[in-house]
Amino acid sequence: MGFFKKLKDKINNQTDQVTDKFKDGMEKTRDSFTSKVNDLVARYRSVDEEFFEELEEILISADVGVETVMTLIEELEMEVKRRNIKDTSQVKEVISEKLVEIYYDGDDESIEEINLNENGLSVILTVGVNGVGKTTTIGKLAHRLKSEGKNVVLAAGDTFRAGAIDQLEVWGERAGVGVIKHSEGSDPAAVIYDGIQAAKSRGADVLICDTAGRLQNKVNLMNELAKVKKVISREVEGAPHETLLVLDATTGQNAISQVKTFKEVTDVSGIVLTKLDGTARGGIVLAIKNELDIPVKFVGLGEQMEDLQPFDAHQFVYGLFGDLMQEESNES
Amino acid sequence: MAFEGLADRLQGTIKKITGKGKVTEQDVKEMTREVRLALLEADVNFKVVKDLIKRIKERAIGQEVLQGLNPGQQVIKVVKEELTELMGGEQSKIAVANKPPTVIMMVGLQGAGKTTTTGKLANHLRKKYNRNPMLVAADVYRPAAINQLETLGKQLDMPVYSKGTEANPVDIAKEAIDQAKEDHKDYVIIDTAGRLHVDEGLMDELQQIKDTVQPDEIFLVVDSMTGQDAVNVAESFDEQLDISGVVLTKLDGDTRGGAALSIKAVTGKPIKFAGMGEKLDQLEAFHPDRMASRILGMGDVLSLIEKAETDVDEKKAKEMEQKMKDASFTFEDFLEQMGQVRSMGPLDELVNMMPGANKMKGMKNMQLDEKQIDQVEAIIQSMTKKERVEPDIINASRKKRIASGSGTSVAQVNRLLKQFNEMKKMMKQMMGGKKGKKKGGLNFPFM
């Protein structure tokens with residue numbers, strides 16, 4: 001069975017609605033990627049060194065990262081030799097197959113669900129650099145969990161940035177969940193502590209903690225984050241159940257450094273990839289999963305409350321190659 | 001995957017060709033491959049990289065190797081020159097309208113840092129030019145964006161014009177300017193909502209604001225961590241709005257910031273300012289030459305090359321390197337080195353230029369103020385020839401003599417002796433090529 005067919009079968013098992021969200025959200029991404037690959041395939045009749053060189057550029061332009069691209073191209077070259085592929089159009093399929101393979105790397109290929117404590121309070125900590133969309137993501141996540149019937153409370157742990165608390169409150173109103181806050185400039189660990197107590201006394205299912213954006217090379221700010229995490233672990237057993245690093249899809253190679261440092265300090269368990277509805281392709285997540293083994297759990301595909309979707313590498317690659325697959329099945 | 005600087009990347013290639021008199025085509029090919037990877041890892045757009053590499057190749061092939069530089073450094077020099085040229089000179093001037101107020105529009109993607117930069121820019125205008133700006137909250141979409149700007153206004157004690165989230169951004173901008181005229185404000189900075197460059201509706205809105213208020217400056221605010229997509233973003237904003245300059249934010253992070261190069265290359269517009277922290281006074285003029293070095297990941301090794309090029313006698317440097325290697329380095333050599341190094345400029349500046357110098361053990365605590373260097377010089381000059389070559393013979397009475405001869409104390413003489421020994425050890429380590437710490441090949445006289 002061809003890989004495109006397998007991929008399509010996988011996706012057919014999911015609701016059309018989700019697939020459509022991905023397709024629509026990643027439209028810009030897909031357009032440029034697909035046309036580039038198609039253009040490449042059209043211009044080269046045979047699979048030669050130059051072909052691979054251009055393919056390398058296309059992948060690099062998706063922020064996949066030099067090292068990962070080099071590995072990928074090497075494997076592709078081997079695969080092409082092994083299967084004795086001469087026609088460039090056949091390579092398309094191998095490319096997407098390899099991309100999915102890089103992401104999963106032998107792991108179970110099911111979607112990584114968000115990790116929640118089924119009996120009792122679950123705490124989700126969100127971290128990341130400035131401007132990636134932490135507060136917005138929390139709003140969307142709160143909406144999502146609430147519509148699943150969960151009782152959700154938010155803690156306004158970003159006490160630094162002007163207007164951050166107000167912003168979270170607006171999202172709290174939109175999603176219809178409570179927000180625990182202190183005033184601007186207060187100790188974030190204290191806000192989170194209060195958030196936990198409030199969530200406990202309200203019998204909430206999930207507490208989502210916002211934190212101020214911080215660049216990963218700011219030691220003091222990272223120490224502050226470690227303290228916040230310590231408070232959470234001390235107050236709730238097994239918490240935080242999920243530490244989500246929010247990552248802007250437009251970010252380049254610095255994302256690796258972000259993930260590494262935040263992982264050291266807060267033991268990041270999953271990534272939320274935001275702003276994937278632009279032309280950025282977020283290819284860096286392939287490198288992150290491959291090098292650091294942290295899965296992407298959600299992607300942000302727009303500004304609406306519903307625009308946060310669970311991540312599925314098949315969907316992601318489908319988003320990149322959807323039109324290619326369409327053509328493929330028309331041909332056959 | 002730690003980012004490898006270009007200097008590290010080039011080490012292997014350099015070794016092969018050290019000693020050659022000319023850079024051959026094959027050498028250049030190998031080195032430009034490394035340059036290409038370094039630039040791509042720094043997030044410079046691949047198309048920009050392609051053009052650059054082409055030019056670098058053309059320039060580098062067949063060049064005579066300059067005295068005092070190895071072929072690797074020579075290629076780095078060409079790369080640096082190309083990058084600096086592409087980046088242009090420093091331009092942090094802000095327009096002044098013939099008839100006040102001068103209107104500045106801030107645009108960019110979500111999360112780039114527009115609102116914070118708006119506050120910083122206003123602060124800059126007041127502090128540096130003694131201006132009297134008014135801020136305008138035209139981001140009616142993001143929750144609490146207006147509150148954020150109002151909070152910044154309070155912190156700066158500056159007026160913020162807002163009309164809530166129901167008003168039309170075009171009307172807000174227009175009315176704000178009328179208000180500014182009435183209040184005799186000389187600058188108006190309009191904070192617009194973050195938007196994707198592919199969002200036609202919102203891009204049209206910016207166009208309308210532009211047509212209505214006729215801004216004197218349109219600054220595109222870009223996150224310095226942006227990857228390959230930076231070209232698309234900059235190109236779209238520039239095409240639609242004809243931006244007048246760029247502000248690069250979050251440069252206090254550890255990103256290489258290759259986006260800067262991409263943006264400059266596709267728009268030709270100057271990068272005027274850099275955001276260097278979360279505080280409102282942390283906006284600096286953008287230095288293209290520093291950025292070029294940063295993208296290459298080599299500290300300011302480049303400036304060092306330039307200095308070495310003019311000031312260092314290659315042959316002497318080689319001798320010195322050998323001496324460091326076998327630890328036969330003496331106070332006599334030290335004195336000579338100090339003379340050479342000092343002719344290159346202030347010492348602490350030189351040390352800071354060395355990549356990784358701050359992290360180097362011993363180097364961090366080494367006091368490098370000029371006055372102390374004078375004292376060191378005096379102490380060494382008070383030693384006999386023999387003492388300078390064999391410092392081990394310096395006993396208590398010799399120390400006393402040296403101290404009084406140089407106008408220092410025995411404790412200071414002791415300290416220098418100790419530091420000298422440590423330095424010798426360190427040099428040996430560095431020159432001997434301890435695993436992972438290899439800095440060979442960059443044969444600077446004081447290393």
Side-chain angles (χ1 to χ4, degrees), chain A residues 27-28 32 56-58 60-63 65-67 69-70 129-133 135-136 139 160-171 173-174 184 212-218 248-258 260-261 274-275 277-281 283-284 287 291 303, chain B residues 1-3 36-38 40-47 49-50 109-116 119 141-155 194-199 223-233 236 249-250 252-259 277-278:
Chain A
E27 189 193 340
K28 300 286 189 262
S32 55
E56 185 186 304
E57 281 176 356
I58 292 174
I60 281 173
S61 74
D63 287 320
V66 178
E67 216 162 294
V69 170
M70 297 293 169
V129 300
N130 317 60
V132 288
T135 310
T136 308
F160 181 81
R161 182 172 60 92
I165 299 171
D166 302 309
Q167 189 182 351
L168 192 70
E169 277 192 303
V170 174
W171 276 107
E173 263 166 51
R174 284 188 192 170
E184 210 176 289
R214 63 202 76 216
L215 296 175
Q216 71 274 18
N217 60 341
K218 305 276 156 111
D248 185 330
T250 51
T251 309
Q253 303 306 304
N254 191 249
I256 302 257
S257 154
Q258 290 175 24
K260 263 189 188 157
T261 317
T274 60
K275 309 181 200 175
D277 46 335
T279 47
R281 300 189 199 102
I284 195 69
E291 282 178 39
E303 302 210 314
Chain B
M1 176 188 72
F3 284 121
R36 174 173 176 267
L37 290 179
L40 286 174
E41 276 182 355
D43 290 323
V44 181
N45 184 269
F46 74 97
K47 280 188 208 142
V49 172
K50 219 175 179 175
L109 299 183
Q110 294 98 332
K114 280 175 300 303
T115 308
T116 306
Y141 306 104
R142 181 166 60 95
I146 298 175
N147 298 21
Q148 187 182 350
L149 195 66
E150 278 173 344
T151 308
L152 294 180
K154 243 178 251 158
Q155 285 170 17
R195 63 202 72 212
L196 289 169
H197 52 292
V198 289
D199 188 330
D223 186 329
S224 60
M225 294 180 280
T226 311
Q228 296 284 323
D229 203 38
V231 288
N232 299 324
V233 175
S236 319
T249 60
K250 307 176 204 174
D252 49 327
D254 61 3
T255 180
R256 281 285 176 72
E278 302 197 40

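Residue numbers begin at 1 in each chain, while the letters A, B, ... track the order of the sequences. Note: hydrogens, waters and symmetry copies are ignored here, and every other heavy atom, side chains too, is used. Because the structure is a prediction, the values reported are computed rather than measured.
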Note to self: As a test of understanding, state which of B:Asp229, B:Asp223, B:Leu196 forms a side-chain contact (heavy atoms from CB on, under 4.5 Å) with A:Thr250.
What the structure shows: B:Asp229
Notebook entry, point to check: Less than 4.0 Å between a side-chain N and a carboxylate O, is that true for A:Lys218 and B:Glu278?
Noted result: no
Notebook entry, point to check: Checking B:Glu150 against chain A: side chain, backbone, both or neither under 4.5 Å from a heavy atom?
Noted result: neither
Notebook entry, point to check: B:Lys154 versus chain A, heavy atoms under 4.5 Å apart: side chain, backbone, both or neither?
Noted result: neither
Next item on the list: Give the member of B:Thr116, B:Val231, B:Asn232, B:Asn147 that has the highest number of heavy-atom pairs under 4.5 Å with chain A.
Entry: B:Asn147
Next item on the list: Would you mind checking which part of B:Asn45 comes under 4.5 Å of any heavy atom in chain A, side chain (CB onward), backbone (N, CA, C, O), both or neither?
Entry: neither
Notebook entry, point to check: If you tally heavy-atom pairs under 4.5 Å against chain A, which of B:Arg142, B:Gln148, B:His197 wins?
Noted result: B:Gln148
Note to self: Is it true that A:Asp248 and B:Gln110 share a donor-acceptor pair across their side chains at a distance under 3.5 Å?
What the structure shows: no
Check: In Å and rounded to the nearest 0.5 Å, what is the CZ to CZ distance from A:Arg214 to A:Phe160?
Finding: 10.0 Å
Next item on the list: Applying side chain to side chain contact (heavy atoms under 4.5 Å, CB included), run through A:Ile256 and A:Glu291 and close with a yes or a no.
Entry: CA-CA 9 Å; A:Ile256 302 257; A:Glu291 282 178 39; 4.0 Å; yes
Checklist line | Under 4.5 Å from any heavy atom of chain B - which part of A:Glu56 | finding: side chain
Check: Measuring heavy-atom distances to chain B, does A:Gln258 have an atom under 4.5 Å in its side chain, in its backbone, in both, or in neither?
Finding: side chain
Next item on the list: Would you please say whether a donor-acceptor pair under 3.5 Å links the side chains of B:Asp254 and A:Asn217?
Entry: no
Checklist line | B:Leu149, part contacting chain A, at a heavy-atom distance under 4.5 Å | finding: neither
